[in-house]
Amino acid sequence: MAEVLVYVDHVDGAVRKPTLELLTLARRIGEPVAVALGAGAEATAATLAEHGAVKVLTADAPEFAVYLVVPKVDALQAAHEAVSPAAVLVPSSAEGKEIAARLAVRIKSGIITDAIDLESGDEGPVATQSVFAAAFTTKSRITNGTPVITVKPNSAPVEAAPAAGAVEALAVSFSEQATGTKVTARTPRESTGRPELTEAAIVVSGGRGVNGAENFAIIEALADSLGAAVGASRAAVDAGWYPHSNQVGQTGKSVSPQLYIASGISGAIQHRAGMQTSKTIVAVNKDAEAPIFDLVDYGVVGDLFEVVPQLTDEVKSRKG
């Protein structure tokens with residue numbers, strides 16, 4: 001069976017959920033071979049093996065932490081040459097897509113970004129994408145070189161599938177470009193205690209109808225009761241009510257959670273493009289003609305200041 005390279009997104013050995021989802025998809029088209037780089041790379045092996053990695057290629061060097069992106073591309077290129085895989089899968093983060101694009105150029109291959117599903121085909125992996133502001137769903141395959149595919153978080157379940165997970169050292173020769181951009185400082189992101197927006201299984205978002213930064217406490221309370229991330233529409237962000245890092249939409253972040261709750265959001269195409277692939281969508285809006293209701297699985301026509309607190313209380317009561 002052909003091997004499939006999976007780029008591992010981890011923090012000091014703690015594997016992030018999108019990587020485990022990639023292992024699920026990789027098993028559909030071959031045998032997953034994980035590539036873990038940087039500090040803590042070897043510590044990822046047990047988790048990766050538990051989720052289907054037959055091998056874990058590891059490399060650690062100062063270049064991975066001190067310089068941006070290119071050292072990781074060098075390492076993935078080395079892994080590609082060592083394995084000759086059927087495909088290379090990378091999480092669809094901002095960094096992941098840059099790594100994937102640079103790798104595709106180097107190995108003269110095609111690339112598909114922001115896939116939401118992956119299946120085996122007679123002529124190679126077939127990727128499903130949601131395109132044109134989520135108005136269409138397409139199925140594509142790469143016809144030149146080794147397919148390089150980035151996959152959006154929450155596109156596949158995390159499934160345990162114990163495998164050997166044999167750890168092997170990956171020899172990496174860094175290119176001249178590897179040291180071209182140096183990291184001069186890092187500032188840890190302040191923790192909110194909530195999950196990362198793009199990786200969250202549940203997202204609760206507020207829009208223009210929230211009518212003020214102070215009123216986002218209502219949205220946050222519902223999110224916290226559900227263990228969810230908090231999102232915001234562009235209108236709310238532009239008004240200064242919530243940070244830009246939480247914006248969901250075409251000019252913000254794209255999310256695909258199991259449950260998306262939109263409160264006071266009209267449903268303009270800009271916002272829909274960032275959340276339309278959510279598995280279940282619920283909207284609360286007092287305007288019965290709001291475009292968001294054309295998209296939802298469940299809609300509540302009502303004042304969010306009445307509906308959302310009631311929903312929060314109900315969630316809390318059911319959780320005991």
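Predicted, not measured: the structure shown is a model, and the values here were computed from it.
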Derivation of the side chain to side chain contact (heavy atoms under 4.5 Å, CB included) call for S175 and V70
CA-CA 8 Å; S175 61; V70 178; 3.8 Å; yes
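- Under the 4.5 Å side-chain heavy-atom criterion for ILVMFWY residues, no single connected hydrophobic cluster contains both I261 and V237.
- A donor-acceptor distance shorter than 3.5 angstrom exists from the side chain of K319 to the backbone of S225, with no hydrogens or angles considered.
- The two residues V83 and L5 make their nearest non-hydrogen contact at CG2-CD2, 4.1 Å.
- For D9 and R16, the salt-bridge test passes: some basic side-chain N is under 4.0 Å from an acidic carboxylate O.
- Between the CZ atom in R318 and the CG atom in D313 there is a gap of 12.5 Å [rounded to 0.5 Å].
- No side-chain donor-acceptor contact under 3.5 Å links S256 to the backbone of S155.
- Side-chain N/O atoms of N246 and K253 include no donor and acceptor closer than 3.5 Å.
- V282 has its side chain out of reach of V296: every pair of non-hydrogen atoms, C-beta onward, lies at least 4.5 Å apart.
- In terms of modelled atom types and a separation under 3.5 Å, the side chain of Q270 and the main chain of R234 share no donor-acceptor contact.
- Results of the side-chain contact (heavy atoms from CB on, under 4.5 Å) test with L118 over I112, V4, L25 single out L25 as the only residue that passes.
- Within 6.0 Å of the CD atom in E176, the count of heavy atoms belonging to other residues, nucleotides or ligands does not exceed 12.
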In sequence, state the C-alpha distance, the side-chain angles, and the governing distance for M275 and L295, and then conclude on side chain to side chain contact (heavy atoms under 4.5 Å, CB included).
CA-CA 10 Å; M275 46 67 73; L295 178 67; 3.8 Å; yes
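- Criterion: ILVMFWY side-chain heavy atoms under 4.5 Å apart, direct or through other members. Under it, V230 and V315 are part of a common hydrophobic cluster.
- The distance from atom CD of E63 to atom CG of L68, rounded to the nearest 0.5 Å, is 13.0 Å.
- Looking only at side-chain heavy atoms (C-beta outward), P125 and R28 stay at 4.5 Å or farther from each other.
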Go through I149 and V90 one step at a time and tell me if the side chain to side chain contact (heavy atoms under 4.5 Å, CB included) criterion holds.
CA-CA 6 Å; I149 303 170; V90 182; over 6 Å; no
Check the pair N215 / W241 against side chain to side chain contact (heavy atoms under 4.5 Å, CB included), numbers first and verdict last.
CA-CA 9 Å; N215 295 329; W241 300 343; over 6 Å; no
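- Counting only heavy atoms from C-beta outward, the side chains of K17 and E196 never approach each other to under 4.5 Å.
- Looking only at side-chain heavy atoms (C-beta outward), I219 and S263 come within less than 4.5 Å of each other.
- For the pair D117 and K139, the salt-bridge criterion is not met [side-chain N within less than 4.0 Å of a carboxylate O].
- Considering CG of D238 and CD of Q247, their distance stands at 6.5 Å, rounded to 0.5 Å.
- Nearest heavy-atom pair across V126 and G121 is CG2-CA, 4.2 Å.
- V204 is listed as a side-chain neighbour of L226, based on a closest heavy-atom distance under 4.5 Å.
- Formation of a donor-acceptor pair under 3.5 Å by the Q77 side chain with backbone atoms of V73 is not found in this model.
- Defined by atom type and a distance below 3.5 Å, a donor-acceptor pair is present between the side-chain atoms of H80 and T146.
- Of the possible polar contacts, one joining the H10 side chain to the L37 backbone as a donor-acceptor pair under 3.5 Å is found.
- Just one residue in the list L89, V88, L76 forms a side-chain contact (heavy atoms from CB on, under 4.5 Å) with Y7, and that residue is L76.
- Residues I218 and V210 have side chains not in contact (no heavy-atom distance under 4.5 Å, counting atoms from C-beta outward).
- Atom CD of E289 has 12 or fewer heavy atoms from other residues, nucleotides or ligands within 6.0 Å.
- No donor-acceptor distance shorter than 3.5 angstrom exists from the side chain of S130 to the backbone of T277, with no hydrogens or angles considered.
- Residues L304 and P309 come closest through the heavy atom pair O-CD, 3.4 Å.
- S278 places no side-chain N or O within donor-acceptor distance of the main-chain N or O of I281, the cut-off being under 3.5 Å.
- The side-chain heavy atoms of V301 and F293, taken from C-beta on, include a pair separated by under 4.5 Å.
- A34 and L48 get closest at one heavy-atom pair: CB-CD1, 3.7 Å.
- Minimum interatomic distance between K152 and S254 (heavy atoms only, all atoms of both residues): NZ-OG, 2.7 Å.
- A chain of hydrophobic side-chain contacts below 4.5 Å, direct or via other Ile, Leu, Val, Met, Phe, Trp or Tyr residues, connects V35 to V54.
- Rounded to the nearest 0.5 angstrom, S266 OG and R272 CZ are separated by 10.0 Å.
- A donor-acceptor contact closer than 3.5 angstrom is absent between the side chains of Y67 and T181.
- In terms of modelled atom types and a separation under 3.5 Å, the side chain of N285 and the main chain of I265 share a donor-acceptor contact.
- Annotation: side chain of S233 is in contact with side chain of H271 (closest heavy-atom distance under 4.5 Å).
- Side-chain contact, S92 with K97: no donor N or O sits under 3.5 Å from an acceptor N or O.
- Of the possible polar contacts, one joining the N154 side chain to the A200 backbone as a donor-acceptor pair under 3.5 Å is found.
- Using a 4.0 Å cut-off between charged side-chain N and carboxylate O, R106 and D74 make a salt bridge.
- Linking Ile, Leu, Val, Met, Phe, Trp and Tyr residues whenever their side-chain heavy atoms come within less than 4.5 Å places L222 and Y242 in a single cluster.
- The two atoms that bring P257 and V203 nearest to each other are CG-CG2, 3.9 Å, heavy atoms only.
- Annotation: R208, atom CZ; neighbour count of heavy atoms from other residues, nucleotides and ligands within 6.0 Å does not exceed 12.
- Using a 4.0 Å cut-off between a side-chain N of Lys or Arg and a carboxylate O of Asp or Glu, K55 and E31 do not qualify as a salt bridge.
- Between F174 and F64, the gap from one ring centroid to the other is short of 6.0 Å.
- Under a hydrophobic clustering in which Ile, Leu, Val, Met, Phe, Trp and Tyr are joined whenever their side-chain heavy atoms come within less than 4.5 Å, directly or via other members, I116 and Y260 fall into different clusters.
- In this structure, the side chain of Q129 engages the main chain of T113 through a donor-acceptor pair within 3.5 Å.
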